[in-house]
Amino acid sequence: MPQIKNLLIVVNTGSDKPYNQYAAYVNAFVAKQIAKIESVTIYYGPQGIGMSKKGELAKLGIPSSVKELIASQLEGVSPSDLPDNLEQMARFEKDKLGVNIICCGTFNVIDGFAKTVDDKSNIEDFITPVKIPQWAEAMLGADKILGF
């Protein structure tokens, strides 16, 4: 199996498919923490762009029963180590694990919650809007792409 150095996780669904949101962040955690993949990026695509709006990830809570289930499968992780919602998980992954979280600023404008591609006023501060060339570079430079 080839060594993966650059993993791209594309989230192209919204809050209507919450399991995809959870799966993206759990996969990013496992990729960085367990598989020790050097570069992990979560990218919100055109159909998932709404999840980059402020407050959307916080709406997806992680119940204690789910924390127990996840922790039981990961050595050295206890339920109390896990966050209460996906916003907290995203912040942890970005700040502590170095996971990049990006969205295409073009779709922020098209969807109507940004005035320019660089406008961050209505998106989470831990999500970086990128321009089309940066997005293409992320897609074309990945050793492996997972889609949710």
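The structure presented is a predicted model; accordingly, all values stated were derived computationally and were not measured.
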Undergrad: M139 versus L8: any side-chain heavy-atom pair under 4.5 Å?
TA: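 They are in contact (side-chain heavy atoms under 4.5 Å apart), so the answer is yes.
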
Undergrad: Suppose we screen for salt bridge (Lys or Arg N to Asp or Glu O under 4.0 Å). Which residues come up paired with D125, at least two apart in sequence or across chains?
TA: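 Only R91 meet the salt bridge (Lys or Arg N to Asp or Glu O under 4.0 Å) criterion with D125.
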
Undergrad: Quick one: which of I9, I145, N100 gives a side chain to side chain contact (heavy atoms under 4.5 Å, CB included) with T41?
TA: N100

Undergrad: What distance do S72 atom OG and L74 atom CG have between them, rounded to the nearest 0.5 Å?
TA: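 The distance works out to 8.0 Å.
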
Undergrad: Output all residues satisfying side chain to side chain donor-acceptor pair (under 3.5 Å) with K59, sequence neighbours left out; order by chain, then residue number.
TA: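 Applying side chain to side chain donor-acceptor pair (under 3.5 Å) to K59 gives E56.
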
Undergrad: Is the shortest side-chain heavy-atom distance between M51 and T13 below 4.5 Å?
TA: no

Undergrad: For K67, look at atom NZ and say whether over 12 heavy atoms of other residues, nucleotides or ligands are found less than 6.0 Å away.
TA: yes

Undergrad: Would you check if V10 and F148 make a side-chain contact, meaning some heavy-atom pair closer than 4.5 Å?
TA: no

Undergrad: Not counting sequence neighbours, which residues clear salt bridge (Lys or Arg N to Asp or Glu O under 4.0 Å) with D81? List them please.
TA: none

Undergrad: Hey, does I62 have a side-chain heavy atom less than 4.5 Å from the side chain of P83?
TA: yes

Undergrad: Is it true that I101 and V117 fall in one hydrophobic cluster, defined by side-chain heavy atoms closer than 4.5 Å?
TA: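 Not linked; separate clusters.
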
Undergrad: To the nearest 0.5 Å, what is the distance between NZ on K17 and CD on Q47?
TA: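 One gets 10.5 Å once the value is rounded to the nearest 0.5 Å.
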
Undergrad: Could you work out, with salt bridge (Lys or Arg N to Asp or Glu O under 4.0 Å) as the rule, every residue matching K32, not counting sequence neighbours?
TA: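 With sequence neighbours excluded, K32 shows a salt bridge (Lys or Arg N to Asp or Glu O under 4.0 Å) to no residue whatsoever.
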
Undergrad: Mark yes or no for whether N20, through its side chain, and N12, through its backbone, hold a donor-acceptor pair below 3.5 Å.
TA: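 Side chain of N20 to backbone of N12: no pair is present.
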
Undergrad: Counting only heavy atoms from other residues, nucleotides and ligands, does the tally under 6.0 Å from CD of E137 exceed 12?
TA: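 No.
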
Undergrad: Do the side chain of Q33 and the main chain of V30 share a donor and acceptor less than 3.5 angstrom apart?
TA: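 Between the backbone of V30 and the side chain of Q33 there is no qualifying donor-acceptor contact (under 3.5 Å).
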
Undergrad: Can you find a side-chain donor-acceptor pair between T116 and D118 that sits under 3.5 Å?
TA: no

Undergrad: Could you see if Y22 belongs to whatever hydrophobic cluster contains Y25? Use Ile, Leu, Val, Met, Phe, Trp, Tyr and a side-chain cutoff under 4.5 Å.
TA: yes

Undergrad: What is the distance from atom CG of L86 to atom OG of S15, rounded to the nearest 0.5 Å?
TA: 11.5 Å

Undergrad: List for me each residue that meets salt bridge (Lys or Arg N to Asp or Glu O under 4.0 Å) alongside D143, sequence neighbours excluded, and say none if there are none.
TA: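 Expected list: none.
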
Undergrad: Before you tell me yes or no, could you show the steps for Y44 and I127 under side-chain contact (heavy atoms from CB on, under 4.5 Å), namely the whole-Å CA-CA distance, both residues' side-chain angles and the distance that decides it to 0.1 Å?
TA: CA-CA 9 Å; Y44 283 99; I127 299 177; 4.2 Å; yes

Undergrad: Could you measure the distance from the CD atom of E75 to the CD1 atom of I34? Nearest 0.5 Å is fine.
TA: 9.0 Å

Undergrad: Taking side chain as C-beta onward, heavy atoms only, is P129 less than 4.5 Å from D119?
TA: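 A side-chain contact under 4.5 Å is absent here.
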
Undergrad: For F113, does its backbone N or O pair with a side-chain atom of N122 as donor and acceptor, under 3.5 Å?
TA: yes

Undergrad: Is there side-chain contact between V77 and I70, with at least one heavy-atom pair below 4.5 Å?
TA: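 The answer is no, as the side chains (C-beta and beyond) never meet within the 4.5 Å cut-off.
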
Undergrad: Give the intermediate values and the outcome of side-chain contact (heavy atoms from CB on, under 4.5 Å) for residues N108 and S52.
TA: CA-CA 9 Å; N108 295 352; S52 66; 3.9 Å; yes

Undergrad: Dump the intermediate steps for side-chain contact (heavy atoms from CB on, under 4.5 Å) on N27 and L146, then the final yes or no.
TA: CA-CA 9 Å; N27 274 281; L146 301 177; 4.2 Å; yes

Undergrad: Treating E124 as the side-chain partner and G55 as the backbone partner, does any N or O pair qualify as donor plus acceptor under 3.5 Å?
TA: yes

Undergrad: Mind checking the NZ-CD spacing from K36 to Q3? Nearest 0.5 Å is all I need.
TA: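 Spacing of NZ (K36) from CD (Q3) equals 12.5 Å.
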
Undergrad: Under 4.5 Å between any side-chain heavy atoms of F126 and E93, yes or no?
TA: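 No, every pair of side-chain atoms sits at 4.5 Å or beyond.
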
Undergrad: Which distance, rounded to the nearest 0.5 Å, do you find between the CD of E68 and the OG of S80?
TA: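 With rounding to 0.5 Å, CD (E68) is 10.5 Å from OG (S80).
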
Undergrad: Using the salt bridge (Lys or Arg N to Asp or Glu O under 4.0 Å) rule, collect all pairs that involve residues 95-116, keeping only residues at least two apart or in two chains.
TA: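 Qualifying pairs: none.
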
Undergrad: With side-chain contact (heavy atoms from CB on, under 4.5 Å) as the test, would you mind laying out the steps for W135 and T106 before giving the verdict?
TA: CA-CA 10 Å; W135 165 78; T106 303; over 6 Å; no

Undergrad: Kindly give the heavy-atom pair with the smallest separation between P79 and A71, and that separation in Å.
TA: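 Reported closest heavy-atom pair: N-CB, 3.5 Å.
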
Undergrad: Show the nearest heavy-atom pair for residues I49 and C104, with the distance to one decimal.
TA: CD1-O, 3.8 Å

Undergrad: Check V40 against A31 and note the closest heavy-atom contact, atom names and distance.
TA: CG2-CB, 3.8 Å

Undergrad: Hey, any chance L69 and L60 share a hydrophobic cluster, counting ILVMFWY side chains that come within less than 4.5 Å of each other, even indirectly?
TA: no

Undergrad: For atom CG of L97, decide whether the heavy atoms of other residues, nucleotides or ligands shown that lie under 6.0 angstrom number more than 12.
TA: yes

Undergrad: Is the shortest side-chain heavy-atom distance between L57 and N85 below 4.5 Å?
TA: no

Undergrad: Treating Ile, Leu, Val, Met, Phe, Trp and Tyr as nodes and any side-chain heavy-atom pair under 4.5 angstrom as an edge, say whether I42 and Y19 lie in one connected cluster.
TA: yes

